[in-house]
Amino acid sequence: MSEDLLKLQNIKKSFNNYLVLDDISINLKKAEIVSLLGPSGSGKTTLFRIAAGLVKPDTGQVILANKIRKSFVFQEPRLLPWKTVSENLRFVQDNYSCLDRAEELRNSLLKASGLYDFKESFPAELSGGMKQRLELIRALAIKPDLIFMDEPFKSVDTRTRINLMKLLSVIQAETKISILMITHNPEEAVLLADRIYVLSDKTGKIIKKFQINQPRSKRNIRNNDLYDTINEINQIFKSLIGEMDVDLTKLSGHMQKQRSE
Amino acid sequence: MKRSIIKQYLPAVFSFFLIYLIWKTAAVNMHPLILPGPEKTFQALREIWRTGELLSNISITLKRTMIGYGSSVVAGILFALLLNKSSLINRALRPLITVIQATPPVVWVALAVTWFGIADDLTPIFLIFVVSLPVIFINIYQGLSGLDSELLEMAILYQSSEWKIVKDIYLPALLPAFVSALSIGFAFAWKASVFAEFIGSSSGVGFALSMANNNLQTAKLFAWTIILIIFMLLVEYVFLAWLQKRVGRWKDE
């Protein structure tokens with residue numbers, strides 16, 4: 001059993017006395033992809049920020065393995081608008097002096113992502129999908145051990161999402177990077193993750209854990225096991241929404257009464 | 001290409017020509033002391049050029065503008081950085097800047113003449129400084145507050161050094177605000193320096209204007225005005241336009 005790269009232990013966090021995360025514990029080993037899956041408002045982004053070290057938890061611990069290199073993929077691409085595609089990659093690469101053959105790596109990532117012909121372009125000249133691709137390969141350009149991803153495919157269309165997921169899974173298979181991926185999309189989680197933690201809405205709490213043992217390259221959402229998992233997750237989400245369902249009959253009755261007054 | 005240049009500038013050429021015609025027609029029936037015609041004005045212009053008054057006065061005014069304006073640029077940037085850094089300093093000093101901005105320039109000139117006298121460079125330099133400081137400050141300050149905190153967070157997460165963050169994020173992000181501050185500030189500074197020289201100095205373009213005014217040399221007054229306008233236009237449309245174009249290279253075209 002290999003050691004954990006990242007371990008969150010009993011994380012609790014509240015804002016203005018409102019409990020956002022309640023007793024979250026997860027772990028991530030080398031070469032693993034772990035997904036935190038939850039509906040919006042489940043405190044996913046807060047958990048991402050805590051794991052990335054941007055926010056301190058009220059209680060609990062974030063334990064990172066020694067000397068690991070971290071990188072990040074954000075919901076909306078955070079690119080420097082005044083730097084070209086290639087310079088945006090260099091911007092992060094230059095911070096890691098021990099990175100050897102940086103240019104070679106940069107060019108191969110640009111080619112793999114289809115951005116090579118645009119390496120002298122500025123972000124404003126790229127489409128939304130291209131920007132997100134750049135965001136993704138920037139995270140890979142520093143040869144990280146661990147990537148934190150916050151809804152990495154949220155701002156792109158379906159086709160780009162599938163392509164990006166393929167690209168990510170191919171590169172991950174080669175490099176054995178560990179990934180902590182936050183998402184609200186069960187399909188993304190099931191296709192990419194080895195382990196899925198499902199968060200409840202309102203107070204973020206882990207309510208279910210899935211282990212997916214099929215090799216990533218062979219996964220397909222029409223495959224029975226995966227299909228069932230997706231369905232199960234959707235059922236959980238549905239029941240969560242059911243809990244906070246407003247009684248519409250009551251509401252409309254109330255409104256009618258008001259109108260007649 | 002050529003056609004678009006014609007399209008761009010033809011209306012302006014036309015309106016200038018119209019003003020010229022109105023001026024010429026109006027001047028026919030007026031005494032040259034009240035309204036000198038274009039010919040008399042151009043004669044005065046030639047005279048100013050021939051005697052060397054033009055270059056000597058422009059260089060004096062320009063020197064003062066550069067000193068006053070340069071120090072207001074430095075002070076404006078420092079102020080903006082300081083007020084952006086600490087909200088306590090912001091609350092303490094922000095009203096002060098508003099007070100400086102709200103005070104009419106003529107009050108500053110009166111004070112400057114009282115404090116520094118007439119013969120000195122100090123009166124125009126002081127006025128230029130005081131008038132352009134708020135303009136520079138406000139532009140830079142707004143640029144700083146509009147800085148994308150998500151980009152900063154990204155740079156910090158990727159272990160960028162502080163120097164790198166300044167060089168690769170702060171500077172390029174602030175450059176457009178900086179250039180617009182320079183542009184607006186320069187117009188303020190140039191007008192302020194002529195104004196200060198007009199009232200409180202014994203040299204420079206403003207002083208030449210006031211001499212022409214006192215001696216009832218209206219044609220010369222017109223000539224100096226034309227010189228001032230042409231100079232400002234050159235700075236605005238040639239130098240600053242070039243700078244603006246360079247700065248915005250990365251914005252989508």
Side-chain angles (χ1 to χ4, degrees), chain A residues 45 48-55 64 67-99 118 120-128 130-131 134-135 138-144 146-150 155, chain B residues 73 76-77 80-81 84-85 87 136 139-184 239-253:
Chain A
T45 295
F48 171 84
R49 297 176 69 78
I50 287 174
L54 285 167
V55 175
L64 266 172
K67 287 187 184 156
I68 62 164
R69 195 177 289 168
K70 299 171 287 178
S71 68
F72 307 85
V73 175
F74 302 98
Q75 270 184 41
E76 301 289 335
R78 297 188 185 180
L79 307 168
L80 299 178
W82 40 82
K83 286 193 178 288
T84 63
V85 167
S86 177
E87 286 166 351
N88 262 288
L89 298 180
R90 280 197 56 183
F91 177 79
V92 294
Q93 285 190 319
D94 289 348
N95 295 344
Y96 303 86
S97 52
C98 47
L99 203 68
F118 299 90
E120 304 302 328
S121 303
F122 290 100
E125 297 164 324
L126 305 179
S127 71
M130 288 158 94
K131 282 184 211 169
L134 180 55
E135 174 82 16
R138 180 180 63 190
L140 297 164
I142 61 166
K143 289 191 183 160
L146 170 58
I147 310 184
F148 293 92
M149 296 186 174
D150 184 12
S155 59
Chain B
V73 168
I77 291 173
L81 286 173
N84 182 261
K85 194 99 189 162
S87 83
I136 306 273
N139 269 281
I140 302 284
Y141 182 79
Q142 277 171 349
L144 275 173
S145 3
L147 208 68
D148 189 345
S149 60
E150 294 194 331
L151 279 186
L152 289 176
E153 197 179 83
M154 179 277 294
I156 292 166
L157 283 173
Y158 276 109
Q159 320 271 312
S160 309
S161 65
E162 250 177 66
W163 160 240
K164 195 173 170 182
I165 290 175
V166 169
K167 178 173 74 82
D168 285 337
I169 297 184
Y170 274 85
L171 281 183
L174 285 179
L175 216 52
F178 183 66
V179 171
S180 100
L182 280 191
S183 159
I184 303 167
F239 176 65
L240 290 171
W242 168 80
L243 207 62
Q244 213 123 33
K245 207 168 180 178
R246 278 192 61 99
V247 164
R249 205 167 57 94
W250 49 268
K251 288 187 178 157
D252 57 320
E253 33 242 46

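Numbered from 1 within each chain, the chains take letters A, B, ... in sequence-line order. Values reported hereafter were calculated over all heavy atoms of this structure, with side chains retained and with hydrogens, waters and symmetry mates removed.
Residue A:Arg138 touches chain B through both its backbone and its side chain, counting heavy-atom pairs closer than 4.5 Å. Contact annotation for A:Leu79: only backbone heavy atoms (N, CA, C, O) come within less than 4.5 Å of a heavy atom of chain B. For chain A, the nearby parts of B:Ile169 are the backbone and the side chain; heavy atoms of each come within less than 4.5 Å. In this structure, no portion of A:Phe148 lies under 4.5 Å from any heavy atom of chain B.
The environment of CZ in A:Arg69 is crowded: more than 12 heavy-atom neighbours from other residues, nucleotides or ligands sit within 6.0 Å. By the 6.0 Å contact criterion, OH on A:Tyr96 is enclosed, its count of non-hydrogen atoms from other residues, nucleotides or ligands being greater than 12. The number of heavy-atom neighbours closer than 6.0 Å to CZ of A:Phe48, taken from other residues, nucleotides and ligands shown, is above 12.
Scanning all heavy atoms of the two residues, the minimum distance from A:Ala52 to B:Leu157 falls at O-CD2, 4.0 Å. Taking each heavy atom of A:Asp94 and B:Lys164 in turn, the nearest pair found is CB-NZ, 3.7 Å.
Taking CZ of A:Phe72 as the start and CD of B:Glu153 as the end, the distance is 9.0 Å to the nearest 0.5 Å. To the nearest 0.5 Å, atom CD of residue B:Gln159 and atom OG of residue A:Ser71 are 11.0 Å apart.
Listed for the A:Arg78 side chain is a donor-acceptor partner under 3.5 Å among the backbone atoms of B:Glu150.
Geometric assessment of A:Lys70 against the ring of B:Tyr158 yields a negative cation-pi assignment under the 6.0 Å and 45° thresholds.
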